Asks: 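Please find one structure pasted underneath; my questions will follow.
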2 protein chains.
Amino acid sequence: MLRMKQDLTDTHRTMQVVNHIRALIENGTLQPGDKIPPEREFARSLNISRASLRTGIGYLAAMGVMKVRHGVGTFVADGPAEFGKASFSLMGVLHGFQSWQMFEVRLIIESNLAALAAERAKEEHHTALAEEVAEIFASIDSPSDFLIHDVLFHRILSQASGNPILAALMETITSALYDKRRKTVERSTDLRESAEMHRMIYRAIRARDPVEARRLMEQHLRMAQAAQGMERPTARKTIDGIARPRTLQLDKGSAPSRL
Amino acid sequence: MLRMKQDLTDTHRTMQVVNHIRALIENGTLQPGDKIPPEREFARSLNISRASLRTGIGYLAAMGVMKVRHGVGTFVADGPAEFGKASFSLMGVLHGFQSWQMFEVRLIIESNLAALAAERAKEEHHTALAEEVAEIFASIDSPSDFLIHDVLFHRILSQASGNPILAALMETITSALYDKRRKTVERSTDLRESAEMHRMIYRAIRARDPVEARRLMEQHLRMAQAAQGMERPTARKTIDGIARPRTLQLDKGSAPSRL
DNA sequence: CCACCCTAGAGGTCAGACCACAGTATACAC
DNA sequence: GTGTATACTGTGGTCTGACCTCTAGGGTGG
């Protein structure tokens, strides 16, 4: 009737490797930061060729679950969760993501992140947040440093929200936005105002006031968006990149496996 | 001082392939659904070995940008945008994602999706949405069919929101939730109530009432969550899967490349 | 006209040699 | 003794080319 086949990228051996490692992570044998055995050895122990093993590892590395370091070894990722850095930009060109859409998503997610953080942040988060606010003020004359601590502030806030999934989504958007920001921040003049906003957001979180935290975060982001001239276009035209009409197909295709 | 190296998975050849294909997609040479040349031939034209080409393709396939079909060929993905199906579950076991967190994210994203859809949906979306509502009512006695149209309804709503990024994030969460739902829906008794909710949401969107659409969607999701007994635990214990304490490190590590 | 089988074309796997990189041990010069 | 240069070892990266498996389509016999 409809689709029967599973379009998963589950090529025999590849998935075998992926599932094996997944299992090792699930039962705790492998923890973030751990190193897996050398390819030659690991391949032998799994009774597959090194090439196949590498395919599987490549798969895991592509989505950020593992990190491969030439000449050193392969490790389980340990940084903040994220859905493939490159993934986002690739998906972007493929589906025509636009800047205003990124900001819209950021506004939605981060304002909720702020609200949740206000409700759930622990002492240690308050401390870390306060430190970053201080660093931000201290970096007012150095745009590049300012941006670093700005990013750090938002990342800590993500963790304070107590929802790693939301944090991971935010991280994905943020890293995609980073390059663009790095360029504009340089010629930014009112970093003082931005610093002040961070401080106010921190105070709202500190005071466990979700409503205020959300409001301030929204205000902060709208200001940031305006500063980069990336508001949503009133008309239907592309801001950056080529316009991509692409007949919008209400594709029912590939409904969640089997049906 | 801090990190200097770029931890990107950019192994020479691999990235070379990825960027090449990315370029082909950007300049329109490759469109969703298109087939790329056979590996042997493509590899020769790029002056790299077939193995390297395959590594690159595997990378792209892993994040859902390309689809490989054994014995047929390799194609550019054309379905709804999504950040790697497997990616999510892998990230899940790695960072300890929990059910209530997935619901929380879904609640946040989808309620906003509904609000946006109410503001921006076009005629064609209204039509498609109405059709699915009808299908949903028609499937009240068939849980499996019901679920299919339920998913379709939400997917169309995502497209109607006019923000493909948000839609992609939603799709990622949804596909992860799908399996779990498939099990519970079977023994669900009040599908009628759910169907009614979909109809009301549709009407709110149709009436271009963002506030009401958001409110109804939130209500709908909370009911769904309650039906599956996945509210957020009052205490600090795990619902499913093993508890994973994992010393919460405020990892500053891997700040967005170079600094 | 339909069912079955065969085959061409495309991806999947394998084996083993060799290259490139990172970190450490060693040797030589001062 | 100290320090720097070099060699070695371990680990991932790439290449070749042969062979396996799957899919789709066309040919052939019933």
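Numbers restart at 1 for each chain; the letters A, B, ... are given by sequence-line order, proteins then strands. Everything numeric here is computed off the predicted structure, so don't read it as measured data.
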Asks: Walk me through it: do R22(A) and S89(B) pass the test side-chain hydrogen bond (donor to acceptor under 3.5 Å, both in side chains)?
Replies: CA-CA 9 Å; R22(A) 176 222 210 68; S89(B) 66; 3.0 Å; yes
Asks: Where is the tightest heavy-atom contact between T29(A) and D34(A), given as atom of each residue plus distance?
Replies: O-OD2, 3.8 Å
Asks: Between P on dC15(D) and CZ on R54(B), what's the gap in Å once rounded to a whole number?
Replies: 14 Å
Asks: Indicate, yes or no, whether a donor-acceptor pair under 3.5 Å links the base of dG12(D) to the side chain of R69(A).
Replies: no
Asks: So does R40(B) reach the base of dG17(D) with its side chain, donor to acceptor, closer than 3.5 Å?
Replies: no
Asks: Please tell me which of I48(B) and T74(A) maps to the more 5' nucleotide of DNA chain D, matching each residue to the nucleotide holding its nearest heavy atom.
Replies: T74(A)
Asks: Given that N47(A) and G71(A) both sit by DNA chain C, which one's nearest nucleotide is further toward the 5' end?
Replies: N47(A)
Asks: What is the separation between atom NE2 on H12(A) and atom C1' on dG11(C), rounded to the nearest whole Å?
Replies: 12 Å
Asks: Can you tell me which nucleotide in dT23(D), dC15(D), dG12(D) comes closest to the side chain of P38(A)?
Replies: dG12(D)
Asks: Just the rounded figure in Å: distance from C1' of dC15(D) to CG of L53(B).
Replies: 13 Å
Asks: Can you name the closest pair of heavy atoms from N163(B) and Q101(A) and give their distance?
Replies: ND2-O, 3.2 Å
Asks: Using atom CD1 of I57(B) as one end and atom C1' of dT14(D) as the other, report the distance to the nearest whole Å.
Replies: 16 Å
Asks: Quickly work out the R13(A) CZ to dT21(D) P distance and round it to whole Å.
Replies: 10 Å
Asks: Output the rounded distance in Å from CZ (F42(A)) to C1' (dG10(D)).
Replies: 18 Å
Asks: Without decimals, in angstroms, what is the distance between F75(A) CZ and dG10(D) P?
Replies: 16 Å
Asks: Applying the side-chain contact (heavy atoms from CB on, under 4.5 Å) criterion to H149(A), which one of H154(A), H198(A), E135(A) satisfies it?
Replies: E135(A)
Asks: Which nucleotide in the set dC15(D), dG13(D), dA18(D) lies at the smallest distance from any side-chain heavy atom of S52(B)?
Replies: dC15(D)
Asks: With the side chain of V68(A) defined as its heavy atoms from C-beta on, choose the nearest nucleotide among dT14(D), dG13(D), dT23(D).
Replies: dG13(D)
Asks: Examine the base of dT21(D) for any acceptor or donor lying under 3.5 Å from a partner atom in the side chain of H70(B), and report the outcome as yes or no.
Replies: yes
Asks: What closest approach, in Å, do L46(A) and Q16(A) show between heavy atoms, and which atom pair accounts for it?
Replies: O-NE2, 4.1 Å
Asks: What is the separation between atom CZ on R44(A) and atom P on dG16(C), rounded to the nearest whole Å?
Replies: 12 Å
Asks: Taking the side chain of V72(B) as its heavy atoms from C-beta onward, which of dC15(D), dT23(D), dA22(C) lies nearest to it?
Replies: dT23(D)
